[in-house]
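Everything numeric in this text was worked out from a predicted model, so none of it was measured. Quick note on labels: first sequence line is chain A, next is B, and so on, each numbered from 1. These values consider heavy atoms only, across backbone and side chains, with no hydrogens, waters or symmetry-generated copies.
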There are 2 protein chains.
Amino acid sequence: MNTDLRVKSKRPARTRRKPDERKVVEDGSRGRPAVELGGVELGDLADMTGYALRRAQIAVFEGFRRTVGKIGLRPAQFSVMIVIHRTPGLKQTEVANALGIQRTNFVAMVNELERLGWVERRALDRRSHALHLTRAGQGKLSEAMAIERKQEALYDKILGPGERLKLLDMLRRLQVGLEA
Amino acid sequence: MNTDLRVKSKRPARTRRKPDERKVVEDGSRGRPAVELGGVELGDLADMTGYALRRAQIAVFEGFRRTVGKIGLRPAQFSVMIVIHRTPGLKQTEVANALGIQRTNFVAMVNELERLGWVERRALDRRSHALHLTRAGQGKLSEAMAIERKQEALYDKILGPGERLKLLDMLRRLQVGLEA
DNA sequence: ATATAATTGTTATATGATATAATCAATTGA
DNA sequence: TCAATTGATTATATCATATAACAATTATAT
(Lines give C-alpha, C1' and ligand atoms only; values in the text may rest on other atoms or scores of the structure.)
Protein backbone atom coordinates (compact mmCIF):
# COMPACT_ATOMS: atom_id res chain seq x y z
CA MET A 1 0.00 0.00 0.00
CA ASN A 2 1.47 3.22 -1.08
CA THR A 3 0.48 6.25 0.94
CA ASP A 4 3.25 8.46 -0.17
CA LEU A 5 3.09 12.18 0.18
CA ARG A 6 3.58 14.17 -2.89
CA VAL A 7 7.32 14.61 -2.81
CA LYS A 8 8.59 17.41 -4.85
CA SER A 9 11.63 16.33 -6.73
CA LYS A 10 14.36 18.71 -7.55
CA ARG A 11 15.30 18.40 -11.14
CA PRO A 12 18.98 18.08 -11.85
CA ALA A 13 20.13 19.55 -15.10
CA ARG A 14 18.74 17.24 -17.69
CA THR A 15 21.02 15.19 -19.79
CA ARG A 16 19.71 15.32 -23.26
CA ARG A 17 20.05 12.31 -25.46
CA LYS A 18 20.43 13.86 -28.84
CA PRO A 19 20.33 17.61 -28.68
CA ASP A 20 20.01 17.90 -32.42
CA GLU A 21 16.66 16.19 -32.47
CA ARG A 22 15.17 19.12 -30.65
CA LYS A 23 16.51 21.87 -32.74
CA VAL A 24 14.17 24.79 -32.96
CA VAL A 25 12.55 25.21 -36.33
CA GLU A 26 12.02 28.92 -36.40
CA ASP A 27 14.25 31.64 -35.20
CA GLY A 28 12.80 33.18 -32.09
CA SER A 29 13.97 36.67 -32.86
CA ARG A 30 10.98 38.79 -33.67
CA GLY A 31 12.42 41.81 -31.97
CA ARG A 32 11.51 40.41 -28.58
CA PRO A 33 13.18 37.71 -26.55
CA ALA A 34 11.73 34.24 -27.06
CA VAL A 35 8.94 33.36 -24.66
CA GLU A 36 9.42 30.06 -22.91
CA LEU A 37 7.88 28.10 -20.10
CA GLY A 38 9.72 25.34 -18.30
CA GLY A 39 12.57 25.57 -20.74
CA VAL A 40 10.30 25.04 -23.72
CA GLU A 41 9.74 27.83 -26.18
CA LEU A 42 6.17 28.67 -27.02
CA GLY A 43 6.89 29.84 -30.52
CA ASP A 44 4.07 31.59 -32.32
CA LEU A 45 1.87 30.98 -29.33
CA ALA A 46 3.60 33.90 -27.66
CA ASP A 47 2.03 36.23 -30.20
CA MET A 48 -1.47 34.98 -29.83
CA THR A 49 -3.95 37.06 -27.94
CA GLY A 50 -6.22 34.20 -26.98
CA TYR A 51 -3.44 32.22 -25.42
CA ALA A 52 -2.09 35.15 -23.45
CA LEU A 53 -5.62 35.86 -22.23
CA ARG A 54 -6.10 32.30 -21.18
CA ARG A 55 -2.88 32.03 -19.20
CA ALA A 56 -3.39 35.39 -17.52
CA GLN A 57 -6.94 34.50 -16.63
CA ILE A 58 -5.89 31.21 -15.10
CA ALA A 59 -3.24 32.97 -13.03
CA VAL A 60 -5.65 35.62 -11.81
CA PHE A 61 -8.38 33.10 -11.02
CA GLU A 62 -5.87 31.01 -9.14
CA GLY A 63 -5.08 34.12 -7.12
CA PHE A 64 -8.77 34.55 -6.47
CA ARG A 65 -9.11 31.05 -5.13
CA ARG A 66 -6.13 31.49 -2.85
CA THR A 67 -7.53 34.71 -1.39
CA VAL A 68 -11.24 35.34 -1.76
CA GLY A 69 -11.74 31.62 -2.14
CA LYS A 70 -10.48 31.15 1.40
CA ILE A 71 -13.76 32.51 2.74
CA GLY A 72 -15.76 30.10 0.66
CA LEU A 73 -16.65 32.06 -2.45
CA ARG A 74 -16.05 30.94 -5.99
CA PRO A 75 -15.61 33.44 -8.80
CA ALA A 76 -19.03 32.87 -10.33
CA GLN A 77 -20.76 33.17 -6.96
CA PHE A 78 -18.91 36.38 -6.30
CA SER A 79 -20.02 37.85 -9.61
CA VAL A 80 -23.64 36.91 -8.97
CA MET A 81 -23.65 38.49 -5.54
CA ILE A 82 -22.11 41.68 -6.86
CA VAL A 83 -24.80 42.07 -9.46
CA ILE A 84 -27.58 41.34 -6.99
CA HIS A 85 -26.07 43.78 -4.56
CA ARG A 86 -25.94 46.46 -7.19
CA THR A 87 -29.50 45.94 -8.33
CA PRO A 88 -31.63 44.08 -5.80
CA GLY A 89 -34.78 42.51 -7.10
CA LEU A 90 -33.52 41.34 -10.46
CA LYS A 91 -35.02 38.14 -11.79
CA GLN A 92 -32.91 35.04 -12.25
CA THR A 93 -32.95 35.30 -16.00
CA GLU A 94 -31.82 38.90 -15.90
CA VAL A 95 -28.84 38.18 -13.69
CA ALA A 96 -27.93 35.11 -15.68
CA ASN A 97 -28.08 37.00 -18.97
CA ALA A 98 -25.98 39.87 -17.69
CA LEU A 99 -23.30 37.44 -16.59
CA GLY A 100 -23.45 35.23 -19.66
CA ILE A 101 -24.69 32.26 -17.68
CA GLN A 102 -27.33 29.93 -19.09
CA ARG A 103 -30.45 30.36 -17.01
CA THR A 104 -30.69 26.60 -16.83
CA ASN A 105 -27.33 26.39 -15.10
CA PHE A 106 -28.14 29.37 -12.99
CA VAL A 107 -30.79 27.48 -11.06
CA ALA A 108 -28.30 25.29 -9.23
CA MET A 109 -26.14 28.32 -8.50
CA VAL A 110 -28.98 30.17 -6.83
CA ASN A 111 -29.97 27.02 -4.97
CA GLU A 112 -26.47 26.82 -3.58
CA LEU A 113 -26.35 30.50 -2.66
CA GLU A 114 -29.69 30.14 -0.92
CA ARG A 115 -28.53 27.05 0.90
CA LEU A 116 -25.52 29.02 2.09
CA GLY A 117 -27.88 31.69 3.33
CA TRP A 118 -26.42 34.51 1.24
CA VAL A 119 -29.15 34.99 -1.33
CA GLU A 120 -32.89 34.64 -1.22
CA ARG A 121 -35.60 34.32 -3.81
CA ARG A 122 -38.68 36.41 -3.26
CA ALA A 123 -41.74 35.67 -5.33
CA LEU A 124 -42.46 38.52 -7.69
CA ASP A 125 -45.41 36.81 -9.22
CA ARG A 126 -46.15 33.15 -9.37
CA ARG A 127 -43.48 32.27 -11.83
CA SER A 128 -40.65 34.73 -11.34
CA HIS A 129 -38.34 35.29 -8.43
CA ALA A 130 -36.66 38.48 -7.35
CA LEU A 131 -33.15 37.93 -6.07
CA HIS A 132 -31.86 39.66 -2.96
CA LEU A 133 -28.86 39.35 -0.74
CA THR A 134 -29.56 38.32 2.81
CA ARG A 135 -27.92 40.14 5.68
CA ALA A 136 -25.36 37.35 5.85
CA GLY A 137 -24.88 37.69 2.11
CA GLN A 138 -24.16 41.38 2.43
CA GLY A 139 -21.59 40.64 5.10
CA LYS A 140 -19.97 37.93 3.03
CA LEU A 141 -19.81 40.18 0.01
CA SER A 142 -18.21 43.02 1.96
CA GLU A 143 -15.64 40.63 3.27
CA ALA A 144 -14.94 39.29 -0.20
CA MET A 145 -14.70 42.77 -1.70
CA ALA A 146 -12.16 43.82 0.88
CA ILE A 147 -9.95 40.87 -0.01
CA GLU A 148 -10.46 41.37 -3.71
CA ARG A 149 -9.45 44.99 -3.50
CA LYS A 150 -6.11 43.89 -2.14
CA GLN A 151 -5.72 41.59 -5.10
CA GLU A 152 -6.48 44.41 -7.50
CA ALA A 153 -3.87 46.49 -5.71
CA LEU A 154 -1.41 43.68 -6.34
CA TYR A 155 -2.22 43.69 -10.04
CA ASP A 156 -1.72 47.43 -10.00
CA LYS A 157 1.68 46.95 -8.50
CA ILE A 158 2.67 44.23 -10.94
CA LEU A 159 1.59 46.22 -13.97
CA GLY A 160 2.79 49.62 -12.91
CA PRO A 161 0.97 52.87 -12.25
CA GLY A 162 -2.28 53.31 -14.13
CA GLU A 163 -1.68 50.32 -16.33
CA ARG A 164 -4.35 48.15 -14.78
CA LEU A 165 -7.09 50.56 -15.77
CA LYS A 166 -5.70 50.62 -19.26
CA LEU A 167 -5.77 46.84 -19.29
CA LEU A 168 -9.40 46.81 -18.17
CA ASP A 169 -10.27 49.23 -20.91
CA MET A 170 -8.54 47.17 -23.57
CA LEU A 171 -10.18 43.96 -22.44
CA ARG A 172 -13.59 45.56 -22.50
CA ARG A 173 -13.03 47.05 -25.93
CA LEU A 174 -11.87 43.71 -27.22
CA GLN A 175 -14.91 41.97 -25.78
CA VAL A 176 -17.54 44.36 -27.08
CA GLY A 177 -15.72 44.74 -30.37
CA LEU A 178 -15.98 41.00 -30.90
CA GLU A 179 -19.52 40.59 -29.66
CA ALA A 180 -20.73 43.30 -32.00
CA MET B 1 -18.60 49.15 -1.08
CA ASN B 2 -22.00 50.03 0.19
CA THR B 3 -22.98 47.50 2.77
CA ASP B 4 -26.00 49.39 3.86
CA LEU B 5 -28.96 47.16 4.56
CA ARG B 6 -32.52 48.34 4.37
CA VAL B 7 -32.34 49.32 0.78
CA LYS B 8 -35.24 47.08 0.10
CA SER B 9 -38.33 48.79 -1.05
CA LYS B 10 -41.60 47.43 0.16
CA ARG B 11 -43.76 46.31 -2.60
CA PRO B 12 -47.47 46.61 -3.12
CA ALA B 13 -48.85 43.16 -3.40
CA ARG B 14 -50.27 42.51 -6.80
CA THR B 15 -49.71 45.47 -9.03
CA ARG B 16 -47.45 45.77 -11.97
CA ARG B 17 -43.78 46.14 -11.21
CA LYS B 18 -42.53 49.60 -10.65
CA PRO B 19 -39.16 50.63 -12.00
CA ASP B 20 -38.27 52.01 -8.59
CA GLU B 21 -38.10 48.60 -7.10
CA ARG B 22 -34.88 47.98 -8.88
CA LYS B 23 -33.11 51.07 -7.83
CA VAL B 24 -29.40 50.51 -7.80
CA VAL B 25 -27.65 50.55 -4.49
CA GLU B 26 -24.48 52.28 -5.50
CA ASP B 27 -23.97 55.21 -7.73
CA GLY B 28 -22.34 54.05 -10.92
CA SER B 29 -20.28 57.15 -11.35
CA ARG B 30 -16.71 56.39 -10.57
CA GLY B 31 -15.46 58.73 -13.18
CA ARG B 32 -16.40 56.32 -15.92
CA PRO B 33 -19.80 55.48 -17.32
CA ALA B 34 -21.50 52.51 -15.68
CA VAL B 35 -20.78 49.19 -17.35
CA GLU B 36 -23.86 47.20 -18.15
CA LEU B 37 -24.83 44.12 -20.06
CA GLY B 38 -28.34 43.47 -21.24
CA GLY B 39 -29.58 46.48 -19.36
CA VAL B 40 -28.18 45.24 -16.06
CA GLU B 41 -25.31 47.09 -14.44
CA LEU B 42 -22.33 45.03 -13.45
CA GLY B 43 -21.39 47.21 -10.51
CA ASP B 44 -18.03 46.51 -8.93
CA LEU B 45 -17.55 43.65 -11.34
CA ALA B 46 -16.63 46.22 -13.96
CA ASP B 47 -13.49 47.03 -12.02
CA MET B 48 -12.32 43.51 -11.55
CA THR B 49 -9.44 42.28 -13.61
CA GLY B 50 -10.38 38.63 -13.40
CA TYR B 51 -13.85 39.19 -14.72
CA ALA B 52 -12.70 41.37 -17.60
CA LEU B 53 -10.12 38.73 -18.48
CA ARG B 54 -12.72 36.02 -18.43
CA ARG B 55 -15.19 37.80 -20.66
CA ALA B 56 -12.52 38.87 -23.13
CA GLN B 57 -11.11 35.38 -23.24
CA ILE B 58 -14.50 33.87 -23.93
CA ALA B 59 -15.09 36.35 -26.76
CA VAL B 60 -11.70 35.66 -28.32
CA PHE B 61 -12.04 31.89 -28.00
CA GLU B 62 -15.46 32.10 -29.57
CA GLY B 63 -13.83 33.93 -32.45
CA PHE B 64 -11.27 31.16 -32.68
CA ARG B 65 -13.95 28.50 -32.95
CA ARG B 66 -15.74 30.41 -35.66
CA THR B 67 -12.58 30.78 -37.74
CA VAL B 68 -9.73 28.39 -37.03
CA GLY B 69 -12.25 25.98 -35.59
CA LYS B 70 -13.84 25.66 -39.01
CA ILE B 71 -10.93 23.56 -40.20
CA GLY B 72 -11.28 21.21 -37.26
CA LEU B 73 -8.80 22.52 -34.72
CA ARG B 74 -9.58 23.33 -31.13
CA PRO B 75 -7.56 25.89 -29.20
CA ALA B 76 -5.68 23.36 -27.09
CA GLN B 77 -4.80 21.26 -30.13
CA PHE B 78 -3.56 24.34 -31.92
CA SER B 79 -1.32 25.25 -29.00
CA VAL B 80 0.13 21.75 -28.83
CA MET B 81 0.92 21.69 -32.52
CA ILE B 82 2.59 25.07 -32.38
CA VAL B 83 4.90 23.96 -29.59
CA ILE B 84 5.76 20.70 -31.35
CA HIS B 85 6.39 22.58 -34.55
CA ARG B 86 8.71 24.97 -32.81
CA THR B 87 10.67 22.25 -31.04
CA PRO B 88 10.23 18.84 -32.63
CA GLY B 89 11.16 15.87 -30.49
CA LEU B 90 9.89 17.12 -27.17
CA LYS B 91 8.54 14.51 -24.81
CA GLN B 92 4.87 14.46 -23.84
CA THR B 93 5.57 15.66 -20.34
CA GLU B 94 7.64 18.57 -21.59
CA VAL B 95 4.96 19.82 -23.93
CA ALA B 96 2.26 19.32 -21.33
CA ASN B 97 4.25 21.22 -18.71
CA ALA B 98 4.99 24.11 -21.02
CA LEU B 99 1.30 24.46 -21.79
CA GLY B 100 0.09 23.95 -18.24
CA ILE B 101 -1.68 20.72 -19.12
CA GLN B 102 -1.65 17.73 -16.77
CA ARG B 103 0.34 14.98 -18.40
CA THR B 104 -2.48 12.63 -17.53
CA ASN B 105 -4.93 14.63 -19.61
CA PHE B 106 -2.38 15.11 -22.30
CA VAL B 107 -2.44 11.43 -23.21
CA ALA B 108 -5.90 11.58 -24.75
CA MET B 109 -5.00 14.76 -26.58
CA VAL B 110 -2.01 13.17 -28.25
CA ASN B 111 -4.04 10.08 -29.02
CA GLU B 112 -6.56 12.25 -30.80
CA LEU B 113 -3.91 14.21 -32.68
CA GLU B 114 -2.32 10.96 -33.75
CA ARG B 115 -5.66 9.56 -34.82
CA LEU B 116 -6.17 12.67 -36.93
CA GLY B 117 -2.79 12.05 -38.47
CA TRP B 118 -1.25 15.36 -37.49
CA VAL B 119 1.13 14.25 -34.76
CA GLU B 120 3.19 11.16 -34.22
CA ARG B 121 4.95 9.61 -31.28
CA ARG B 122 8.44 8.29 -31.88
CA ALA B 123 10.01 6.14 -29.25
CA LEU B 124 12.98 7.85 -27.62
CA ASP B 125 13.65 5.02 -25.23
CA ARG B 126 11.30 2.42 -23.91
CA ARG B 127 9.26 4.74 -21.80
CA SER B 128 9.36 8.16 -23.40
CA HIS B 129 8.01 9.38 -26.70
CA ALA B 130 9.26 12.19 -28.86
CA LEU B 131 6.50 14.20 -30.48
CA HIS B 132 6.64 15.31 -34.10
CA LEU B 133 4.26 16.84 -36.57
CA THR B 134 3.45 14.70 -39.56
CA ARG B 135 3.46 16.26 -42.99
CA ALA B 136 -0.31 16.54 -42.79
CA GLY B 137 0.10 18.15 -39.40
CA GLN B 138 2.46 20.74 -40.82
CA GLY B 139 -0.06 21.54 -43.52
CA LYS B 140 -2.89 21.80 -41.05
CA LEU B 141 -0.87 24.06 -38.82
CA SER B 142 0.08 26.38 -41.67
CA GLU B 143 -3.55 26.61 -42.64
CA ALA B 144 -4.57 27.36 -39.08
CA MET B 145 -1.84 29.96 -38.63
CA ALA B 146 -2.96 31.80 -41.73
CA ILE B 147 -6.49 32.05 -40.40
CA GLU B 148 -5.33 32.98 -36.95
CA ARG B 149 -3.18 35.78 -38.30
CA LYS B 150 -6.28 37.35 -39.76
CA GLN B 151 -7.92 37.15 -36.38
CA GLU B 152 -4.97 38.86 -34.77
CA ALA B 153 -5.24 41.56 -37.39
CA LEU B 154 -8.85 42.00 -36.36
CA TYR B 155 -7.86 42.44 -32.74
CA ASP B 156 -5.30 44.96 -33.87
CA LYS B 157 -8.01 46.88 -35.64
CA ILE B 158 -10.38 46.76 -32.69
CA LEU B 159 -7.78 47.91 -30.24
CA GLY B 160 -6.05 50.49 -32.36
CA PRO B 161 -2.48 50.77 -33.63
CA GLY B 162 0.14 49.07 -31.52
CA GLU B 163 -2.25 48.41 -28.67
CA ARG B 164 -2.46 44.68 -29.17
CA LEU B 165 1.24 44.24 -28.53
CA LYS B 166 0.88 46.30 -25.41
CA LEU B 167 -1.97 44.08 -24.32
CA LEU B 168 0.11 40.97 -24.88
CA ASP B 169 2.90 42.45 -22.83
CA MET B 170 0.59 43.35 -19.96
CA LEU B 171 -1.00 39.92 -19.92
CA ARG B 172 2.35 38.23 -19.85
CA ARG B 173 3.63 40.46 -17.08
CA LEU B 174 0.51 39.81 -15.08
CA GLN B 175 0.86 36.08 -15.54
CA VAL B 176 4.50 35.77 -14.62
CA GLY B 177 4.12 38.31 -11.83
CA LEU B 178 1.49 36.12 -10.26
CA GLU B 179 3.22 32.82 -10.84
CA ALA B 180 6.38 34.09 -9.21
C1' DA C 1 26.17 -4.11 -8.74
C1' DT C 2 22.37 -3.70 -6.47
C1' DA C 3 18.87 -1.32 -3.99
C1' DT C 4 16.29 2.73 -4.11
C1' DA C 5 14.34 6.66 -6.19
C1' DA C 6 12.51 9.23 -9.87
C1' DT C 7 10.53 9.55 -14.46
C1' DT C 8 7.19 8.57 -18.15
C1' DG C 9 3.17 7.26 -19.84
C1' DT C 10 -1.07 5.39 -18.89
C1' DT C 11 -5.94 4.15 -17.03
C1' DA C 12 -9.60 5.06 -14.14
C1' DT C 13 -12.21 8.25 -11.98
C1' DA C 14 -14.14 12.52 -9.85
C1' DT C 15 -15.47 17.16 -10.25
C1' DG C 16 -16.88 21.40 -12.29
C1' DA C 17 -18.40 24.26 -15.98
C1' DT C 18 -21.18 24.62 -19.78
C1' DA C 19 -24.75 23.42 -23.48
C1' DT C 20 -29.31 21.55 -25.20
C1' DA C 21 -33.89 19.54 -24.95
C1' DA C 22 -38.02 18.95 -22.76
C1' DT C 23 -41.41 20.15 -19.32
C1' DC C 24 -44.57 22.83 -16.65
C1' DA C 25 -46.94 26.64 -14.80
C1' DA C 26 -47.93 31.37 -15.14
C1' DT C 27 -48.51 35.37 -17.64
C1' DT C 28 -49.34 38.24 -21.62
C1' DG C 29 -51.45 39.89 -25.57
C1' DA C 30 -53.85 39.46 -30.08
C1' DT D 1 -60.50 33.35 -24.85
C1' DC D 2 -56.74 31.03 -26.53
C1' DA D 3 -52.23 31.00 -28.50
C1' DA D 4 -47.75 32.56 -27.72
C1' DT D 5 -44.35 33.85 -24.58
C1' DT D 6 -41.90 33.91 -20.28
C1' DG D 7 -39.59 32.03 -16.16
C1' DA D 8 -38.02 28.40 -13.71
C1' DT D 9 -36.86 23.92 -13.53
C1' DT D 10 -35.08 18.95 -14.40
C1' DA D 11 -32.54 15.81 -16.92
C1' DT D 12 -28.81 14.99 -19.60
C1' DA D 13 -24.60 15.34 -22.52
C1' DT D 14 -20.14 17.15 -23.27
C1' DC D 15 -15.85 19.04 -22.18
C1' DA D 16 -12.02 20.56 -19.33
C1' DT D 17 -9.53 19.66 -15.56
C1' DA D 18 -7.79 17.27 -11.26
C1' DT D 19 -6.16 13.24 -8.43
C1' DA D 20 -4.90 8.49 -7.45
C1' DA D 21 -2.89 4.40 -8.64
C1' DC D 22 0.10 1.76 -11.34
C1' DA D 23 3.58 -0.55 -14.49
C1' DA D 24 7.58 -0.19 -16.90
C1' DT D 25 11.75 2.00 -17.41
C1' DT D 26 15.64 4.74 -16.36
C1' DA D 27 18.59 7.27 -13.07
C1' DT D 28 21.07 7.61 -8.55
C1' DA D 29 23.57 6.55 -4.65
C1' DT D 30 25.91 3.58 -1.74
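As a whole-Å value, the separation of A:R121 CZ from D:dG7 C1' is 12 Å. What separates CZ of B:F78 from P of D:dA16 is a distance of 16 Å, to the nearest Å. The interatomic distance linking A:F61 (CZ) with D:dT17 (P) rounds to 13 Å, in whole Å. For the pair A:E62 CD and D:dT17 C1', the computed distance is 13 Å after rounding to whole Å. C:dT8 atom C1' lies 19 Å from atom CZ of B:R122, rounded to whole Å. Between the P atom of D:dG7 and the CD atom of A:E94 lies a distance of 7 Å, rounded to the nearest Å. Distance A:R74 CZ to C:dA17 C1': 10 Å, rounded to the nearest Å. The nearest whole Å value for the distance from the CZ atom in B:R126 to the C1' atom in C:dT10 is 17 Å.
At least one donor-acceptor pair under 3.5 Å links the side chain of A:E114 to the backbone N or O of A:R121. No donor-acceptor pair closer than 3.5 Å links the side chain of B:Q92 to the backbone N or O of B:L131. B:S79 places a side-chain N or O within donor-acceptor distance of the main-chain N or O of B:A76, the cut-off being under 3.5 Å. With A:Q77 contributing its side chain and A:R74 its backbone, the two residues share a donor-acceptor pair below 3.5 Å.
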Name the pairs: protein N/O against N/O of nucleotides 1-4 of chain C, kept only if under 3.5 Å.
none

* **Residue pair B:E112, B:R115: steps toward the salt bridge (charged side-chain N to carboxylate O under 4.0 Å, His left out) verdict** => CA-CA 5 Å; B:E112 176 74 357; B:R115 193 186 61 79; 3.0 Å; yes
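For C:dA26, the base has a donor-acceptor partner in the side chain of A:R127 [N/O atoms by modelled type, under 3.5 angstrom].
For B:E36, the side chain to side chain contact (heavy atoms under 4.5 Å, CB included) partners at least two apart in sequence or on another chain are B:E41. With sequence neighbours left out, the ring-ring contact (aromatic ring centres under 6.0 Å, His included) criterion links A:F64 to A:F78. Remark: B:T67 engages B:I147, B:Q151 in a side chain to side chain contact (heavy atoms under 4.5 Å, CB included) (not counting sequence neighbours).
Against DNA chain C, the stretch residues 95-114 of chain A makes heavy-atom approaches under 4.0 Å through A:Q102, A:T104, A:N105.
Residue order along DNA chain C, read from the 5' end via each residue's closest nucleotide, puts B:Q92 first among B:R54 and B:Q92.
In this structure, A:M81 and A:L113 have side chains that are in contact, with non-hydrogen atoms separated by less than 4.5 Å. By the 4.5 Å heavy-atom criterion applied to side chains, A:V110 and A:V80 are not counted as neighbours.
Considering only the side chain of A:T93, D:dA8 comes nearest among D:dA8, D:dT9, C:dT8.
Note on A:L171 and A:V176: separate hydrophobic clusters, where clusters join Ile, Leu, Val, Met, Phe, Trp and Tyr whose side-chain heavy atoms are under 4.5 Å apart, directly or indirectly.
Axis angle across the helix from C:dA1-D:dT30 to C:dA30-D:dT1, with five pairs used at each end and values rounded to 10°: 20°.
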